[in-house]
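Written out below as structure tokens is the structure these notes cover.
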2 protein chains.
Amino acid sequence: MQEAIQDILKKNQLSITGSRVKILELFLDQPGALAHGDIERRTGEKFDRVTVYRTLQVFLSKGIIHSIPTADNSVLYALCKDECGEGHHHDNHVHFVCDKCGNTVCLDEVTVPVIRLPRGYKSSQIQVVVNGKCKACSRD
Amino acid sequence: MQEAIQDILKKNQLSITGSRVKILELFLDQPGALAHGDIERRTGEKFDRVTVYRTLQVFLSKGIIHSIPTADNSVLYALCKDECGEGHHHDNHVHFVCDKCGNTVCLDEVTVPVIRLPRGYKSSQIQVVVNGKCKACSRD
DNA sequence: AAACAGATGCAACTTTGTTGCAAAATAAAT
DNA sequence: ATTTATTTTGCAACAAAGTTGCATCTGTTT
Ligand SMILES: [Mn+2]
Ligand SMILES: [Mn+2]
Ligand SMILES: [Zn+2]
Ligand SMILES: [Zn+2]
């Protein structure tokens, strides 16, 4: 685990620091997406708010995490599983937001569909966010 | 024009006030989506910021406008063209954000596709946001 | 161990959004 | 047309979210 984290940081030419290790750990420890606030809480406010912002920005620009748009316009982040790198993200999967438990997850196995646009429009990226009940919540 | 606006407000049992008329006018005057900030600017800061927030909230709850999630998590609003009403929105169309001119539009003729979810997931709503170049911007 | 580059924390600030309340405007009743 | 009742508005104060500059500290390289 600690090794995997150090690998990720080294591969992206980032120095290994407390906040980066801890925040990466949070992402690797659970399957879903995290909001800035979640991270502050789960680190026990050990790091300055500004440091968390900057760490997320660096991870984002390096292609370690990607951001997820949601219907209520809160900012969520999740680990990139494909081979994303500095500048080029390929996270063309669908995101799912559970209305009951609030969790947001990447559905890596569900790729975004082709959208037929009207004449003249050129698409560069497509974001699909599905709301509903997740596996756990639709059982009961 | 003024009549159409009054009709909309009456139909939704809203009193006819300066801010509501002016803000509806803005939406009717142009084809795209508007952010809160756009509205403040285009009204020439004639109305209090709080009034604009409350007006948008009322319009949203009445089904006069709908909100659009974007990749950069800014909040946009656009007129509902279908028959949306208090509580029930049916804005199942794709949204397009132009990376060049920044405009966001409703592609009313492009309906959101069916998404096959993994076993156990139940969907209640699907948001599709396409980025790229709009008709005007892809010409040059 | 020393030197350098980069990351952190702090303070100060901006932007965005919310709430309570008195004053003003609108709608309804007389 | 006036009065009354109901909404809406603007203001002030606040809270939350995000940004920037700068001095200090930490990690990396030699
Ligand atoms: Mn994802
Ligand atoms: Mn729309
Ligand atoms: Zn759930
Ligand atoms: Zn354009």
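- Listed pair A/S15 / D/dT28 fails the phosphate criterion, with no side-chain N or O lying under 4.0 Å from OP1 or OP2.
- No side-chain donor-acceptor contact under 3.5 Å links B/K135 to the backbone of A/Y121.
- Atom pair B/I39:CD1 and C/dG17:C1' shows a separation of 14 Å (rounding to whole Å applied).
- At the phosphate of C/dA25, neither OP1 nor OP2 sits under 4.0 Å from any side-chain N or O atom of B/T17.
- With D/dG10, C/dA11, C/dG17 as the candidates, the nucleotide lying closest to the side chain of B/H36 is C/dG17.
- Side chain to side chain, A/Q127 and B/Q127 fail the donor-acceptor criterion of an N or O pair below 3.5 Å.
- Closest approach to the B/S19 side chain among D/dT20, D/dT9, D/dT8 is made by D/dT9 (side chain taken as heavy atoms from C-beta onward).
- Dashed line: the shortest gap from a side-chain N or O of B/Q57 to OP1 or OP2 of C/dG17 is not under 4.0 Å.
- Checking B/L14 against B/R49, the closest nucleotide of DNA chain D that is more toward the 5' end is the one next to B/L14.
- Taking atom CG of residue A/L56 and atom P of nucleotide C/dA7, one finds them 14 Å apart after rounding to whole Å.
- Considering only side-chain N and O atoms, B/R20 lies under 4.0 angstrom from the phosphate OP1 or OP2 of D/dT8.
- Side-chain contact check for A/H66 and A/H95: at least one donor-acceptor pair (N or O, by modelled atom type) lies under 3.5 Å.
- As judged by a 4.0 angstrom heavy-atom cut-off over every strand, A/V58 is placed among residues making no nucleic acid contact.
- With respect to the salt-bridge test (charged N to carboxylate O, under 4.0 angstrom), the residues A/K10 and A/D7 do not qualify.
- Going from atom CG of A/D48 over to atom P of D/dT24 covers 17 Å, rounded to whole Å.
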